[in-house]
Amino acid sequence: MATLVAVVAAAVLFNPSPERHRTQIKQAVAERNQLAAMLRLGDVAAFVSSYHSLGVASYTTVNGRLLSVGALGVVVVLDSDRSP
């Protein structure tokens, strides 16, 4: 039981912040497309994204589409071609 409490506490403590999501979005867009990097489209996407926290995990959306997910300090930016 104590282990479960410790894991949940760690998940809450290391839940990625909105700024962590935005930084990862900017980097991912720049890595995936050089033109988008030049036009700073990652900055725009990060700016308009909405951050949502579930306590132990978090995610961002843009126009109802899932953009990134995060947990335990790790943020994964989803490929726009694969997201629903």
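Partner of S68 under the side chain to side chain contact (heavy atoms under 4.5 Å, CB included) criterion, out of T61, V75, L78: V75 alone.
Under the rule for a side-chain hydrogen bond (donor to acceptor under 3.5 Å, both in side chains), N33 has no partner lying at least two apart in sequence or in another chain. Residues that satisfy the side-chain hydrogen bond (donor to acceptor under 3.5 Å, both in side chains) test with T23, not counting sequence neighbours, are absent from this structure.
Taking 4.5 Å as the limit, some side-chain heavy atom of I25 sits within range of a side-chain heavy atom of V77.
The ring-ring contact (aromatic ring centres under 6.0 Å, His included) analysis of residues 5-47, with sequence neighbours excluded, yields the pairs H21-Y51.
The CD atom of E31 sits 14.0 Å away from the NZ atom of K26 when rounded to the nearest 0.5 Å. Atom-to-atom distance recorded for Y59:OH and S50:OG is 9.5 Å, nearest 0.5 angstrom. Once rounded to the nearest 0.5 Å, the distance linking OG of S49 with CG of L66 reads 11.0 Å. Between the CG atom in L41 and the CZ atom in R32 there is a gap of 13.5 Å [rounded to 0.5 Å].
Taking each heavy atom of A71 and V56 in turn, the nearest pair found is CB-O, 3.9 Å. The shortest heavy-atom contact between A45 and V62 is O-CG2, 4.1 Å.
Under the 4.5 Å side-chain contact rule for hydrophobic residues, V69 and L54 share a cluster. Hydrophobic clustering of Ile, Leu, Val, Met, Phe, Trp and Tyr side chains at less than 4.5 Å, counting indirect connections, keeps L13 apart from V74.
Side-chain contact annotation: S58 with S53, donor-acceptor N/O pair under 3.5 Å absent.
Annotation: Q34, atom CD; neighbour count of heavy atoms from other residues, nucleotides and ligands within 6.0 Å does not exceed 12.
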